[in-house]
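In this text, all values refer to a predicted model and were calculated from it rather than measured experimentally.
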Amino acid sequence: MFIDLTDEELVELAVAENPEAFGEIVRRWDRKIFALCFGMLGREDEARDAAQEAFIAAYRGLARFRGEAKVSSWLHRIAVNQCLTTKRKARTRSEEFIDEDKAEEERYFVASERTSPSRTTEANERLNLVRQAVTSLPSELRQVVVMKEFEDMTFQEISDTLDLPLSTVKSRLYTALRQLRMKLERVPLEIA
């Protein structure tokens, strides 16, 4: 029913009190918003909650959407704000953001491969190192890395989403990638 409509047209329908239209927006963006939240928070349970809260906030804010940015940028901005709120709350509770249950996390960062057990083990070890390195970045750097490298957003989309100058986005990504490279070079992966 809504397949041929753009996200912007769906927002117009949702504002006109068609809840199924917003449901289609959620179906289109649920996975990407969850992946963004997961990349920023590092815990599946927190990411699910943050993504759900982001969609609730978007639904409540439909009337304020003016179309100055793409719906995707608007949703990403809401999700980033929700993640920052979640992290602030967690910080006051002194929670740790790295979850030791890697099996569930790995499916969001790499496609599964039908390979030998040794290659699977090697890929899992590398993934764990990258995951830990990304999670250890300061939040302003981590969010840019997640949006660019995992969400495949353009610099302009990230700039619009985070309401930052394009040069700041590029600088943060450069800094983050340099820090990641340094962290990963310090931990050699020994594979037989």
Side-chain angles (χ1 to χ4, degrees), residues 26 28-58 72-113 120-155 157-164 168-189:
V26 172
R28 287 181 185 182
W29 291 100
D30 182 46
R31 207 158 159 75
K32 283 204 168 246
I33 295 300
F34 170 76
L36 171 67
C37 293
F38 183 77
M40 288 186 66
L41 298 172
R43 293 180 54 140
E44 183 181 0
D45 57 337
E46 288 180 350
R48 288 201 190 288
D49 290 346
Q52 183 176 8
E53 289 297 323
F55 282 114
I56 290 170
S72 59
S73 296
W74 177 65
L75 289 173
H76 277 84
R77 180 71 217 155
I78 292 170
V80 166
N81 286 339
Q82 185 59 48
C83 289
L84 295 175
T85 298
T86 299
K87 289 176 74 169
R88 274 192 297 273
K89 288 179 183 176
R91 213 175 292 136
T92 61
R93 294 188 312 261
S94 299
E95 290 184 0
E96 180 63 38
F97 293 110
I98 299 176
D99 191 346
E100 295 303 321
D101 182 13
K102 295 172 276 185
E104 189 67 20
E105 295 173 8
E106 290 168 0
R107 68 186 174 124
Y108 297 105
F109 287 102
V110 294
S112 64
E113 299 178 52
T120 301
T121 301
E122 177 184 338
N124 288 342
E125 288 176 8
R126 287 177 194 234
L127 174 69
N128 186 43
L129 289 173
V130 170
R131 180 185 58 82
Q132 288 178 357
V134 169
T135 303
S136 72
L137 290 172
S139 63
E140 67 273 0
L141 299 180
R142 184 180 332 129
Q143 66 190 12
V144 173
V145 168
V146 168
M147 294 171 119
K148 182 70 175 141
E149 301 301 327
F150 296 106
E151 290 297 307
D152 203 28
M153 295 174 70
T154 67
F155 286 115
E157 288 171 331
I158 297 169
S159 174
D160 294 343
T161 299
L162 298 177
D163 196 25
L164 292 172
T168 301
V169 171
K170 290 179 179 180
S171 173
R172 285 184 183 180
L173 182 64
Y174 173 78
T175 301
L177 293 177
R178 189 177 73 235
Q179 286 184 18
L180 285 173
R181 190 176 312 113
M182 288 178 4
K183 288 175 193 255
L184 293 172
E185 284 174 351
R186 282 187 261 155
V187 185
L189 185 60

* To the nearest 0.5 Å, how far apart are CG in Leu173 and OG1 in Thr168? -> 12.5 Å

* Asked: Is it true that Arg48 and Glu44 make a salt bridge, defined as a side-chain N closer than 4.0 Å to a carboxylate O?
  -> yes

* Asked: What distance separates Arg43 CZ from Thr135 OG1, expressed to the nearest 0.5 Å?
  -> 11.5 Å

* To do: Tell me, with the steps shown, if Asp160 and Trp74 meet side chain to side chain contact (heavy atoms under 4.5 Å, CB included).
  => CA-CA 8 Å; Asp160 294 343; Trp74 177 65; over 6 Å; no

* Asked: At what distance, to the nearest 0.5 angstrom, does CE of Met153 lie from NZ of Lys32?
  -> 8.5 Å

* Heavy-atom side-chain contact between Met40 and Leu84 under 4.5 Å -> yes

* To do: Could you go through the side chain to side chain contact (heavy atoms under 4.5 Å, CB included) check for Ile78 and Ile33 one step at a time?
  => CA-CA 10 Å; Ile78 292 170; Ile33 295 300; over 6 Å; no

* **Check against side chain to side chain contact (heavy atoms under 4.5 Å, CB included), Arg172 and Ile158** => CA-CA 11 Å; Arg172 285 184 183 180; Ile158 297 169; over 6 Å; no

* What are the two closest heavy atoms between Ala133 and Lys183, and how far apart are they? -> O-CD, 4.2 Å

* Can you see which heavy atom on Leu162 is nearest to which on Val144, and at what distance? => CD1-CG2, 4.0 Å

* To do: Could you check if a side-chain atom of Val80 sits within less than 4.5 angstrom of a side-chain atom of Met147, using non-hydrogen atoms only?
  => yes

* Asked: Say you draw a straight line from CD of Glu53 to SG of Cys37; how long is it, rounded to the nearest 0.5 Å?
  -> 10.5 Å

* Spacing of OG1 belonging to Thr175 relative to CG belonging to Leu141, to within rounding of 0.5 Å -> 6.0 Å

* To do: Taking all heavy atoms of Pro138 and all of Gln179, pick out the closest pair and write down the distance.
  => CD-OE1, 3.9 Å

* **Ala47 versus Phe34, closest heavy-atom pair with distance** => CB-CE1, 3.5 Å

* **Main-chain N/O of Gln82 paired to Thr86 side chain as donor or acceptor, under 3.5 Å** => yes

* Which heavy-atom pair separates Leu41 from Lys87 by the least distance, and what is that distance? -> CD2-CG, 3.3 Å

* **Gln143 vs Cys83 side-chain heavy atoms within contact, under 4.5 Å** => no

